[in-house]
Peer 1: 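My questions all concern the structure below.
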Amino acid sequence: MENLFETFSLNDTITLKNRILMAPLTRCMADDNLVPTQQMADYYSRRADAGLIISEATIIRPDGQGYPNTPGLFSPEQIKGWQVVTQAVHKNGGKMFAQLWHTGRVAHPYFYDGDEVLSASAVGVEGNVPRMRELRYQTPKAATKTDIQNLVNDFVKAAENAIEAGFDGVEIHGANGYLLDQFLHHDSNKRNDEYGQTPENMVRFPLAVVDAITDKIGADRTALRISPGAYFNMAGTAEDRDVFDHLLAALEKRDLAFLHIGIFDDTMIFDYLGGQASSYVRANYSKTLVGVGGYSAETASTAISEDKFDLVAIGRPFIANHNYIEKVKKGEALTPYSEDMLAELV
Ligand code: FNR
Ligand code: 8K6
């Protein structure tokens, strides 16, 4: 497994000390003003020996919130709270990106002032907010062009705030059925303006966010997570394939720090992608790729040696083992993950 512990240069400015990323993991533990706490700083700094920590998804503005106590990056208090986190991680020799998030139609006005939920089109998700069973998802409003421009601006502002908060960069959350992903799949995007119908149109808003953030903080500090294979709050269709072909071709021309797949289990096969999400992206994108989804150190090491991806993100095992890196290096047994571990930050 030596390949996992090699350094890896994302670009001229950022070199990781190993190839293992801590995956973004929502923990719903920020305070009621969505400010990160000292417990969160302790939790992240205990994991600073990862090559890179990606923060739990962090909302760019109030109407992006879909779960309780998810942190934000839009108020001065939130920036200060994150400064404590990034300083603790840096002090322990780690690096950390902020994952920038808007949940789109998965948001709920229960969490913010206002009654609108924005998405690509007025197509809702079925069901209820997890752990908040009395809250049913509501039908969203299709974002107007002005809404879209404001969203781009708010993503950029959050990226600037992330840099002010001491993050080494940002990962734009374009995955897992949230706002940007809602523009990329036909299931949720029924628009007939320049943001819908054709692959070129459907990638327009996500790419605008990528380009505007890149212009502001640099491509070397900007990464993107995408879910070409729909699996969460989204139904995939065969027509989605052309959208992601188009997106990957456009991303190939940019110099992002990395591209990260959003998936729970990378053994899932998507007929319309011709196989696993990671194989599909690898075949259509030649730059730094982060694989994820059910990997152990052993299977990740093999996948990297077979050139399936360059870096691996580890999620649940990192929740269960704050000293994941050390245990893997020493060949020690890992504590298995269980859902009741989500109740506490350890
Ligand atoms: C996640 N995942 C996730 N993904 C993301 O992009 N942003 C997030 O905030 C979260 N939050 C989150 C919370 C919890 C409790 C879990 C279990 C997962 C998905 C995560 O990043 C990763 O893709 C999956 O967990 C698969 O990797 P593992 O756990 O099999 O290594
Ligand atoms: C309070 C709720 C915690 C919120 C977590 C937000 C993001 C978590 C992503 C969870 C994904 C669930 C995956 C379902 C996999 C289905 C596979 C077919």
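Atoms within a ligand are numbered from 1 in the order they appear, just like the ligands themselves. Residue numbers start at 1 and run along the sequence shown.
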Peer 1: So, regarding G315 and ligand 1 (criterion: nitrogen or oxygen to nitrogen or oxygen, under 3.5 Å), is there a contact or not?
Peer 2: yes
Peer 1: Quick one: do R241 and D245 make a salt bridge, cutoff under 4.0 Å?
Peer 2: yes
Peer 1: So, do V281 and P228 sit near enough that their side-chain heavy atoms are less than 4.5 Å apart?
Peer 2: yes
Peer 1: Between E194 and K145, is any pair of side-chain heavy atoms under 4.5 Å apart?
Peer 2: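 A side-chain contact under 4.5 Å exists here.
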Peer 1: Just to be sure I'm reading this right: ignoring hydrogens, which of H260, R316, R225 gets closest to atom 4 (N) of ligand 1? Compare them by their nearest heavy atoms.
Peer 2: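 Looking at heavy atoms only, R225 sits closest to atom 4 (N) of ligand 1.
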Peer 1: Answer yes or no: does an N/O atom from A23 fall short of 3.5 Å to an N/O atom of ligand 1?
Peer 2: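 No; every N/O pair is 3.5 Å or more apart.
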Peer 1: Is H173 in polar range of ligand 1, meaning some N or O pair under 3.5 Å apart?
Peer 2: yes
Peer 1: Salt-bridged, D147 to K141, with N to O below 4.0 Å?
Peer 2: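 Looking at D147 and K141, the cut-off is met.
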Peer 1: Inspect the contact between R61 and D63 and indicate whether a charged nitrogen and a carboxylate oxygen are less than 4.0 angstrom apart.
Peer 2: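 Looking at D63 and R61, the cut-off is met.
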Peer 1: Knowing that exactly one of F270, Y272, F244 qualifies, which makes a ring pair (Phe, Tyr, Trp, His ring centres under 6.0 Å) with H185?
Peer 2: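 Passing option: F244.
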Peer 1: Is it the side chain (CB and beyond), the backbone, both or neither of P317 that lies under 4.0 Å from ligand 1, heavy atoms counted?
Peer 2: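 Contact part for P317 vs ligand 1: side chain (C-beta onward).
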Peer 1: Pairs of nitrogen or oxygen atoms closer than 3.5 Å, one from P24 and one from ligand 1: do any exist?
Peer 2: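 Yes; the residue has a nitrogen or oxygen that sits under 3.5 Å from a nitrogen or oxygen of the ligand.
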Peer 1: I'd like the name of whichever of D265, L21, T26 reaches closest to atom 12 (C) of ligand 1 through any heavy atom.
Peer 2: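 Considering heavy atoms of D265, L21, T26, the nearest to atom 12 (C) of ligand 1 sits in T26.
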Peer 1: Return yes or no for this condition: an N or O of Q99 is under 3.5 Å from an N or O of ligand 1.
Peer 2: yes
Peer 1: Looking only at atom types and distance, does a side-chain atom of S227 sit under 3.5 Å from a main-chain N or O of A230, one as donor and one as acceptor?
Peer 2: no
Peer 1: Report, in ascending order of atom number, the atoms of ligand 1 lying under 4.0 Å from any heavy atom of N176.
Peer 2: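 Numbered from 1, ligand 1 contributes 4 (N), 5 (C), 6 (O).
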Peer 1: Should K308 and D266 count as an ion pair when the cut-off is N to O under 4.0 Å?
Peer 2: no
Peer 1: Does an N or O anywhere in G294 fall below 3.5 Å from an N or O of ligand 1?
Peer 2: yes
Peer 1: Could an N or O of ligand 1 be found under 3.5 Å from any N or O of I263, whether backbone or side chain?
Peer 2: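 N/O-N/O distance below 3.5 Å exists for this pair.
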